[in-house]
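This structure is a prediction, so every number in the text was calculated from the model and none was measured. Chain identifiers are assigned alphabetically (A, B, ...) following the order of the sequence lines, protein sequences preceding nucleic acid strands; residue numbering begins at 1 within each chain.
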There are 2 protein chains.
Amino acid sequence: MISKKEKILNTALELFASEGYTAVSTRRIAEKAGVSEGLIFRHYKSKKGLLDAIKVQAGERTINLFAPIILQADPKKAIRMAISLPFEIPAKEYPFWKLLFKLKWETDYSEDNKMQPLINKLSWSFSQLDYKSPKKEAEILSHIIEGISTTILRDGKEAQMSLKQFLIRKYG
Amino acid sequence: MISKKEKILNTALELFASEGYTAVSTRRIAEKAGVSEGLIFRHYKSKKGLLDAIKVQAGERTINLFAPIILQADPKKAIRMAISLPFEIPAKEYPFWKLLFKLKWETDYSEDNKMQPLINKLSWSFSQLDYKSPKKEAEILSHIIEGISTTILRDGKEAQMSLKQFLIRKYG
DNA sequence: AACAAGTGAGTGAGTGATCACTCATGTCTT
DNA sequence: AAGACATGAGTGATCACTCACTCACTTGTT
């Protein structure tokens with residue numbers, strides 16, 4: 001059984017992702033979620049509070065996504081997993097990650113870089129494999145992964161599959 | 001002498017870039033630009049029309065930015081110029097490019113990929129230099145350039161300078 | 001040269017619609 | 001009965017946009 005509180009959060013997430021935070025009214029969220037508008041403010045104080053709750057969830061989901069890579073002891077495997085990461089995201093979660101990528105451009109949210117733990121792990125991996133500049137290699141690969149993620153979120157993963165193989169060969 | 005019409009466009013550009021399209025009211029644009037609110041609608045029919053005018057300018061500026069690279073006959077030089085691109089943008093133009101990067105995530109704008117001409121040129125360059133998979137190399141480098149651009153627009157270019165040198169060595 | 005007629009940039013009070021948010025009230029569950 | 005959950009009409013504020021109007025300036029006529 002999914003609670004009305006969760007229903008509100010999921011609906012807001014979906015609408016914010018596709019149309020943007022300011023463009024979506026609390027009335028529309030309530031209608032689409034099948035609850036009264038007042039209930040939004042009972043559970044999440046304000047519209048901003050609703051967004052904050054989504055951001056908290058975003059942080060948790062990001063950690064969960066990175067966890068298996070961070071914990072991977074084999075540097076080669078860690079790099080392969082990082083490259084595969086954008087392809088592992090199920091399509092039904094696309095709205096969620098789209099919203100995260102949008103939020104990167106909001107002034108008060110860009111500060112804490114969610115990618116940093118992954119970059120650190122990649123840096124460690126390249127270091128283990130005796131790359132000359134592991135830190136720079138890690139930064140570059142993280143840019144590539146982020147770029148591929150962006151493309152996948154916009155156009156789907158199919159067209160990017162061959163690029164994945166190319167990267168795994170290149171870094172393998 | 002800068003016309004009021006231009007003043008409106010520049011002010012809207014600045015506010016849209018820093019706070020987002022929907023978050024900025026036409027009243028605030030008028031106040032900051034030092035014109036009446038009505039004038040906005042005389043020159044640009046609607047708020048959406050104002051955004052469209054900015055998008056047209058964006059397309060022109062992007063072409064101008066890529067032009068010297070596209071025209072470069074030496075493939076090595078073309079690649080170096082592409083890598084240097086994010087560092088050549090003057091700080092006063094940051095709001096403009098920030099807005100462009102934000103707009104990438106708006107549903108009706110993401111379709112036409114402004115980067116494609118640059119990717120094609122890079123692909124040609126790698127081909128000239130006998131890379132095995134010039135197309136994929138070009139896609140990857142374009143992701144790196146876009147990632148560096150994003151970082152520079154958010155945090156400034158200083159911290160990225162060493163990465164630029166690293167890339168030029170790598171691809172040189 | 002003088003003046004009437006016309007043009008369009010520019011104004012700002014005013015419009016209905018919609019915004020985030022409140023609160024008196026109703027309906028469950030125990 | 002009582003407290004938590006839930007409602008939706010109502011609130012002032014703000015939204016994008018309109019419109020009647022002014023005024024500096026150009027154009028046509030004599």
Side-chain angles (χ1 to χ4, degrees), chain A residues 1-58 95-96 98-100 102-103 105-109, chain B residues 1-58 95-96 98-100 102-103 105-109:
Chain A
M1 175 59 185
I2 183 170
S3 69
K4 292 198 173 184
K5 185 175 176 182
E6 288 172 291
K7 185 76 188 160
I8 290 169
L9 196 82
N10 293 337
T11 306
L13 177 59
E14 202 178 316
L15 287 172
F16 287 168
S18 62
E19 302 180 33
Y21 170 70
T22 42
V24 175
S25 68
T26 50
R27 169 165 308 217
R28 280 190 57 214
I29 295 170
E31 277 174 9
K32 186 160 189 199
V35 301
S36 66
E37 202 179 350
L39 196 59
I40 292 175
F41 295 91
R42 161 176 282 278
H43 287 307
Y44 312 92
K45 208 170 138 69
S46 67
K47 191 188 178 187
K48 180 67 162 40
L50 180 54
L51 181 62
D52 289 340
I54 290 174
K55 285 180 182 176
V56 169
Q57 217 194 56
F96 177 81
K98 264 190 190 176
L99 179 59
L100 256 197
K102 257 187 199 170
L103 253 33
W105 292 102
E106 294 209 356
T107 43
D108 63 331
Y109 191 58
Chain B
M1 176 58 188
I2 183 170
S3 69
K4 292 201 172 185
K5 186 175 175 181
E6 287 173 293
K7 185 77 188 156
I8 290 169
L9 196 82
N10 293 338
T11 306
L13 177 58
E14 204 177 315
L15 287 172
F16 288 168
S18 62
E19 302 181 33
Y21 170 69
T22 42
V24 175
S25 69
T26 50
R27 170 162 307 211
R28 281 190 56 216
I29 295 170
E31 276 173 9
K32 187 162 189 198
V35 301
S36 65
E37 202 180 351
L39 194 60
I40 292 175
F41 295 91
R42 164 170 287 279
H43 286 308
Y44 311 92
K45 207 169 141 65
S46 66
K47 192 187 177 187
K48 180 68 163 37
L50 180 53
L51 181 63
D52 289 341
I54 290 174
K55 286 180 182 176
V56 169
Q57 220 194 52
F96 177 82
K98 263 189 191 178
L99 179 59
L100 257 197
K102 258 188 199 171
L103 253 33
W105 292 103
E106 294 209 356
T107 43
D108 63 331
Y109 191 59

Inset, instruction - Could you identify which residues of residues 34-43 of chain A place a heavy atom less than 4.0 Å from some atom of DNA chain D, listed by residue number, or say none? - result: A:Val35, A:Ser36, A:Gly38, A:Leu39, A:Arg42, A:His43
Legend entry - Name of the residue among B:Lys32, B:Arg28, B:Arg27 meeting salt bridge (charged side-chain N to carboxylate O under 4.0 Å, His left out) with B:Glu37: B:Arg27
Looking at every non-hydrogen atom in both residues, tell me the closest pair between [X] and [Y] and how far apart they are.
X       : Y       : answer
A:Leu15 : A:Val24 : O-CG2, 3.6 Å
A:Ala17 : A:Pro95 : CB-O, 2.9 Å
B:Ala53 : B:Leu9  : CB-CD1, 3.8 Å

Inset, instruction - Spell out, as yes or no, whether a donor-acceptor pair under 3.5 Å connects the side chain of B:Tyr44 to the backbone of B:Leu51. - result: no
Legend entry - B:Ser18 backbone acceptor or donor facing B:Lys98 side chain under 3.5 Å: no
Inset, instruction - Go through B:Gln57 and B:Ile54 one step at a time and tell me if the side-chain contact (heavy atoms from CB on, under 4.5 Å) criterion holds. - result: CA-CA 5 Å; B:Gln57 220 194 52; B:Ile54 290 174; 5.6 Å; no
Legend entry - Leading and trailing nucleotides of DNA chain D with any atom under 4.0 Å from heavy atoms of chain B: D:dC15 to D:dT18
Legend entry - Distance (rounded to the nearest 0.5 Å) between B:Leu39 CG and B:Ile29 CD1: 12.0 Å
Legend entry - DNA chain C contacts among residues 7-17 of chain A, heavy-atom distance under 4.0 Å: none
Inset, instruction - Decide yes or no on side-chain contact (heavy atoms from CB on, under 4.5 Å) for B:Lys102 and B:Phe16, but give the supporting numbers first. - result: CA-CA 10 Å; B:Lys102 258 188 199 171; B:Phe16 288 168; over 6 Å; no
Inset, instruction - State which residues pass side-chain contact (heavy atoms from CB on, under 4.5 Å) with A:Thr22; sequence neighbours excluded, sorted by chain then number. - result: B:Thr22, B:Ala23
Legend entry - Contacts of type side-chain contact (heavy atoms from CB on, under 4.5 Å), residue B:Lys45, not counting sequence neighbours: none
Inset, instruction - Check every strand shown and say whether B:Lys5 touches a base, only sugar-phosphate, or nothing at a heavy-atom separation below 4.0 Å. - result: nothing
Legend entry - Between the first and last five pairs of the helix from C:dA1-D:dT30 to C:dT30-D:dA1, the angle of the axes, rounded to 10 degrees: 20°
Legend entry - Cationic tip of B:Lys48 above B:Tyr21 ring, under 6.0 Å, 45° of axis: no
